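Here's the structure we're looking at; comments come further down.
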Amino acid sequence: MLKTYKTALAVLAVTASGAMASDLTVTSWGGGYTASQQKAYGEPWEANTGKSIHWENYNGGLGEVRTQVESGNVTWDIVDVLPDQIRTGCDEGLFIEIPDDILVPTADGKSMDEDLMVPRPNKCAVPQIWWSYQAFYNDGTFSGQQPDTMMDFFDVAKYPGKRGVHTWANAILEMALFADGVAKEDIYSTLETEAGADRAFAKLDTIKDHVVFWSAGAKPLELVSSGEVSMSLAYNGRVGGANLNDGTNFVSIWHGQVLEEEWLGIVSGSPNMDAALDFVAFASSPTAQAEQARWINYGPMRTSALDIISAGEPWFNTGVNILEHMPNREEVMGDSIVADPDWWADNGDELQERYQAWMGQ
Amino acid sequence: MSDASVNVKKRQMMTADGIPLKRSLRISLRREKLRGLALLAVPALFVIMLFIWPIYTLFQKSIDDSFVNDVLPRTMAIYEKWDGEDLPGEVHFEAMFLDLTTAEKLEIGKVSTRMNYAKSGWKSLIKKSNRKFKKFDPQKALLPQMIKADKRWGDIEFWKSLGIMKDRRTAGYYWNAVDRTYDSKKNVIMQPENRRVYVMFWKRTLLVSAIVTVACLILAYPVAYLLATLPLRVSNLLMICVLMPFWTSLLVRIVAWMIMLQQQGVLNDSLVGLGIIAEENRLPLMYNFNGTLIVMTQVLLPFMILPLYSVMRGIPPTYMKAAQNLGATPSWAFLRVYMPQTVPGVGAGVILVFIVAVGYFITPELVGGKDGQMIGNQIAYHLRKSLNWGLASAMGVMLLVAILVLYWVYDKIVGIDNMRLG
């Protein structure tokens, strides 16, 4: 009975989403990010194989994937997921493990795992990009000295105005500790202690009365351009993308950015398994990874892809250099915090509740 | 006379094909009834599949806690034997080791997610240990080996947290939903102060819904009155004005409000431009509690206007005239004659708006900012992001019960029969 009901729901979901007869369904975040995947991976793959891809958008989270797998009615083949989701999803069997032999080595024969800037958390994960939470402002907002560190973001006396901050605890807690003077290597060990968490929230308290919260990625750009806030946190690709494509004059503060991974996973029970495997192998190859950077300023995960880009500059499709907009280029890595998804998997629930409580005070 | 009637009773009436009329009638009536039932079966099935069954599974999910017992049977079977004071003995470590090494990998992934709700750290403890378990020597004592592999196995708090999950049914998610939790002996205790969030969200949800309902009533009453009393030509136009936003996409309306009300928005710009407020005192009307209130009131207004209107249409204008003829002032006549007759419409509107408002989450999500979020946002978060479906289900059930209670109270005070939607 449970099964019947779930099937009925799944059928409804399919009809509602209008999934058409296509050879592969790839679900991602929409906007410029999906567009870059369509250009770099989708179109060439379709041309090579003669198959067609149906692109779906979602809002993150494993809710839909879990429903599909548990009901046995899988309609998504590939999902673009955040670091904690690829971990949970692989642990819970929502994603399949990718056989090693399909992954494309570099031109000089290095295996993909040797080529990656961060190790794969498990065998389900197919590399996609590195992105970051960063602070930014509109050029001309501040007179005199310009903000350029995470400390400045937390300094509302020196740089007046409101601050745009997202509604979940990831990254902002790391930034608070970093701005409070904790070395980046010690951030997670500090945050794990009661005193360390208190310290992070105490730092947040200093900007509490100046915070405007956002939860959709396009929102911070709107808040900053309209002057609603003077500085905001945002996904680096949104900020750079607006500058590169729409001619805005946002200034990124790379200091204290928090780098996050982005992976592809193949949903267990995917109806188009062969096509899905073929697609992820292609999408994680060095050349395809580099190709994505023609369309968006998120950093490829493979070192060899970065090499291809730097050798080919100006690489961006409008004929400008792209490397200086990348979150994982060498010059900015020194002051960047690399997020620890395993740590968040353990402590996320608790800190999220505490963050909610803080927001609601 | 009496003889004749007896005769009629005895003589059976027959149909043309020789079946007694009574039976024939019964057959045909039954067929009719079956056909009626068959017609009913479709909607009944629909209601069961899409309404009763989901609510039942929702309830099931909110109290089910059998998973840990299923995956860690040995550990849970002897858990009671532990005194809960000192570090558990070798038997407990052995049971845990055997459970974790024999369970399927996927089951372990799921169970560690569940256990992590009880105590942060279980997830990585199990994951990391499982990798090291392969190198263990099962002939030797497991306690020292496990603590050597990860010192958290020696942390009594982890063992204590297992006590929370020892029963197959739990009210724990319900307690979580009101900022309470179990200690290791399954006594209900308050969450630590800095993690208390949900009571605040419940209160805010009720407060927002109540304010929105009252605001809708105050705004809708005169509009509905005009709609019902103005000449048809004018009232039709007015009706279109009411329905237009109703037909417009919710998102479009929300974005329009954002443009209007944000600090650099149309309203604030005008007020500053007219010199009514100073540049630095721009009103915070969006991305906070105010934003949620304003936008929800506008979005839900038609739900109040329409039932009010349909009831007011049915009130003959002659009543008011009669009251005034009998000496009542217009306002007195309105209060004593007109308003009591609109109560069924008010009741319907209030119930409708309140129930819809309580479950709202798109609007608060977009315009609520930090202090305009409601319980619906929390349910969505736990369904989609944290995957704590037990907690999400418990909150869903509580919301449902709250609405049923409200309905019951309404029935006691106003009477459900008095409610008219049109």
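A, B, ... follow the sequence lines: proteins, then strands. Residue 1 opens every chain. Computed from a predicted structure; not experimentally measured.
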Where A/Ser226 and B/Gln262 come nearest, the two heavy atoms and their spacing: CB-NE2, 4.1 Å

Most chain A-contacting option - heavy-atom pairs closer than 4.5 Å, from B/Asn116, B/Thr113, B/Asp371: B/Asn116

Straight-line distance of A/Glu353 CD to B/Gln378 CD, nearest 0.5 Å: 8.5 Å

Sidechain-backbone polar pair: B/Gln263 side chain, A/Glu228 backbone, donor-acceptor under 3.5 Å: no

Nearest heavy atoms of B/Glu365 and A/Ser215, plus distance in Å: OE2-OG, 3.0 Å

Side chain / backbone / both / neither for B/Arg204 at chain A, heavy atoms under 4.5 Å: side chain

Under 3.5 Å: donor-acceptor pair, side chain of A/Asp91, backbone of B/Ile108: no

Part of B/Tyr198 within contact of chain A (heavy atom distance under 4.5 Å): side chain

Which atoms of B/Lys127 approach chain A - backbone, side chain, both or neither, heavy atom under 4.5 Å: side chain

Whether over 12 other heavy atoms sit under 6.0 Å from B/Phe59 CZ: no

Neighbour count >12 (heavy atoms, 6.0 Å) for atom OH, B/Tyr174: yes

From B/Gln373 atom CD to A/Phe213 atom CZ, the distance as rounded to the nearest 0.5 Å: 9.5 Å

Verdict with reasoning, A/Trp168 to B/Lys385, per side-chain contact (heavy atoms from CB on, under 4.5 Å): CA-CA 10 Å; A/Trp168 53 98; B/Lys385 297 283 162 67; over 6 Å; no

Atom pair CD (A/Gln352) and OH (B/Tyr381), whose distance is rounded to the nearest 0.5 Å: 3.5 Å

No-hydrogen, no-angle side-chain donor-acceptor test under 3.5 Å, A/Lys219 and B/Tyr287: yes

Euclidean distance, B/Leu387 CG relative to A/Glu92 CD, rounded to 0.5 Å: 6.5 Å

pair B/Trp389-A/Thr67: side-chain heavy atoms closer than 4.5 Å: yes

Part of B/Arg384 within contact of chain A (heavy atom distance under 4.5 Å): both

Interface moiety of A/Asp84 toward chain B, non-hydrogen atoms closer than 4.5 Å: neither

Euclidean distance, A/Arg354 CZ relative to B/Arg196 CZ, rounded to 0.5 Å: 12.5 Å

Donor-acceptor contact present, side-chain A/Asp346 to main-chain B/Ser124, <3.5 Å: yes

From A/Thr167 atom OG1 to B/Asn377 atom CG, the distance as rounded to the nearest 0.5 Å: 9.0 Å

Atom group of B/Gln191 that falls short of 4.5 Å from chain A, counting heavy atoms: side chain

Option that, when pairs with chain A are counted at under 4.5 Å, heavy atom only, ranks first among B/Lys123, B/Arg195, B/Glu193, B/Arg282: B/Arg195

Closest non-hydrogen atom pair, B/Ser120 against A/Asn347: CB-OD1, 4.0 Å

Which portion of A/Leu351 sits near chain B, non-hydrogen atoms under 4.5 angstrom: neither

Atom CH2 of B/Trp175: over 12 foreign heavy atoms under 6.0 Å: no

